[in-house]
Protein chains: 2
Amino acid sequence: MSEPASKHDVFQAIADPTRRRLLHLLSDQEMSVTIISGHFTMSRTAVSKHLRVLAEAGLVKDQKVGRETRYRLDPEPLLELKKWVSYYERFWENKLSSLKRFVESDDSDVMDSFPPLTVVDRNEK
Amino acid sequence: MSEPASKHDVFQAIADPTRRRLLHLLSDQEMSVTIISGHFTMSRTAVSKHLRVLAEAGLVKDQKVGRETRYRLDPEPLLELKKWVSYYERFWENKLSSLKRFVESDDSDVMDSFPPLTVVDRNEK
DNA sequence: ATTAAATGAAACCAAATGGTTTCGTAATTA
DNA sequence: TAATTACGAAACCATTTGGTTTCATTTAAT
């Protein structure tokens with residue numbers, strides 16, 4: 001059932017700002033390569049390569065229509081990303097509450113709020 | 001107030017699987033560089049460089065304690081990621097609901113054992 | 001006072017990345 | 001049929017990335 005995890009995963013695919021722009025563009029509507037690259041200053045070939053990376057990550061699907069290739073968004077792989085982020089949500093909940101504590105306690109000497117036990121932890125390999 | 005958006009953003013920081021492992025490790029507890037790198041096969045220096053990338057993205061904070069440097073998770077920048085993903089949620093909602101429509105309209109009995117709420121379900125562990 | 005531990009900086013390297021230009025080949029149009 | 005359009009493949013290039021080893025420095029332990 002699991003995909004062969006081809007070379008490019010979602011995390012890597014969205015790392016590049018150009019590719020994020022591409023996803024956003026395609027979220028609007030399906031488009032051909034030439035039309036798409038009309039929205040960028042770089043060459044069509046460069047855009048095409050970005051599209052292929054996205055396709056390998058499953059984030060876009062392509063369909064040949066005559067001599068052109070239409071690309072459309074497939075947001076499904078973003079579920080993995082959402083799931084990954086959701087794991088950390090409870091931590092930023094914690095952080096916000098400690099931030100709140102910090103703000104309420106005020107004072108500029110930040111280090112005072114770190115008790116000795118921070119220094120004393122016991123980690124061993 | 002806002003950071004100068006130095007060289008590494010969240011998207012790039014989490015693109016690397018090693019760095020994702022690091023975040024997960026640190027979500028458990030604050031740890032020193034040596035202890036951290038004990039969890040990896042690569043050199044301590046390599047781990048240290050990954051930690052710096054994470055720090056530049058604001059995902060971890062470091063604190064010197066004696067001769068060691070403690071790193072801890074700071075999940076706050078992940079909010080940006082969450083926000084980014086959330087934009088696309090409506091698209092996969094559409095996709096899921098059209099899947100739902102498809103399943104419901106289809107008279108094949110394959111999916112009958114899955115109650116509708118499986119499709120509509122919006123949270124997971 | 002030595003010695004050992006913890007770490008970052010630096011120099012280096014191979015591979016990946018993001019871009020270019022050129023060329024070949026279908027498909028469309030004149 | 002001939003010209004044009006849409007596109008990918010290929011070769012190439014500079015920079016970034018992810019890793020290494022070596023070295024210097026600060027701090028802790030004997």
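Within every chain, numbering begins at 1; the chains are lettered A, B, ... in the order of the sequence lines, protein sequences first and strands thereafter.
B/Ser86 contributes a side-chain N or O that, together with a main-chain N or O of B/Lys83, makes up a donor-acceptor pair within less than 3.5 Å. Side chain of A/Arg20 to backbone of A/Ala15: a donor-acceptor contact under 3.5 angstrom is found. Within the 3.5 Å criterion, the main-chain N or O of B/Ala13 finds a donor-acceptor partner in the side chain of B/Arg19. Although no hydrogens or angles enter the test, the distance criterion places a donor-acceptor pair under 3.5 Å between the side chain of A/Tyr88 and the main chain of B/His24. Within the 3.5 Å criterion, the main-chain N or O of B/His39 finds a donor-acceptor partner in the side chain of B/Arg21.
Put simply, NZ on A/Lys64 is 12 Å from P on D/dA6, counting in whole angstrom units. To the nearest angstrom, P of D/dT16 lies 11 Å from CD of B/Gln12. When rounded to the nearest whole Å, the span between CG of B/Leu54 and C1' of D/dT17 equals 14 Å. D/dA6 atom P lies 17 Å from atom CD of A/Gln63, rounded to whole Å. Rounded to an integer number of Å, the gap from A/Glu68 CD to C/dA26 C1' is 13 Å. Distance A/His8 NE2 to C/dA15 C1': 13 Å, rounded to the nearest Å. In this structure, B/Leu22 places its CG atom 13 Å from C1' of D/dG18, rounding to the nearest Å. Atom CG of B/Leu51 and atom P of C/dA9 are 13 Å apart (whole Å).
For D/dG19, neither phosphate oxygen OP1 nor OP2 lies less than 4.0 angstrom from any side-chain nitrogen or oxygen of B/Ser43. Between B/Tyr71 and C/dG8 there is a side-chain N or O to OP1 or OP2 distance below 4.0 Å. OP1 or OP2 of D/dC7 has not a single side-chain nitrogen or oxygen of A/Ser48 nearer than 4.0 Å. Contact between the side-chain N/O atoms of B/Arg19 and the OP1/OP2 oxygens of D/dG18 is found at a separation under 4.0 Å. Taking side-chain N and O atoms only, A/His50 has no distance below 4.0 Å to OP1 or OP2 of C/dT17.
The residue B/Thr69 sits close only to the backbone: its heavy atoms come under 4.0 Å of sugar-phosphate atoms, none of a base. Among the protein residues, A/Phe40 comes within range of no part of the nucleic acid, since none of its heavy atoms lies under 4.0 Å from any strand. Among the atoms of the strands shown, only primed sugar atoms or phosphate atoms (P, OP1, OP2) are found under 4.0 Å from some heavy atom of A/Ser32.
With hydrogens and angles left out, the side chain of A/Arg67 and the base of D/dT5 share a donor-acceptor pair within 3.5 Å.
Looking at the side chain of A/Thr45, the nearest of the listed nucleotides D/dC7, C/dA9, D/dA10 is D/dA10.
Nearest-nucleotide assignment on DNA chain D puts the 5′-proximal partner with A/Lys49, out of A/Lys49 and B/Met42. Where B/Arg52 and A/Val65 each meet DNA chain C at their nearest nucleotide, the meeting point lying more 5' is that of B/Arg52.
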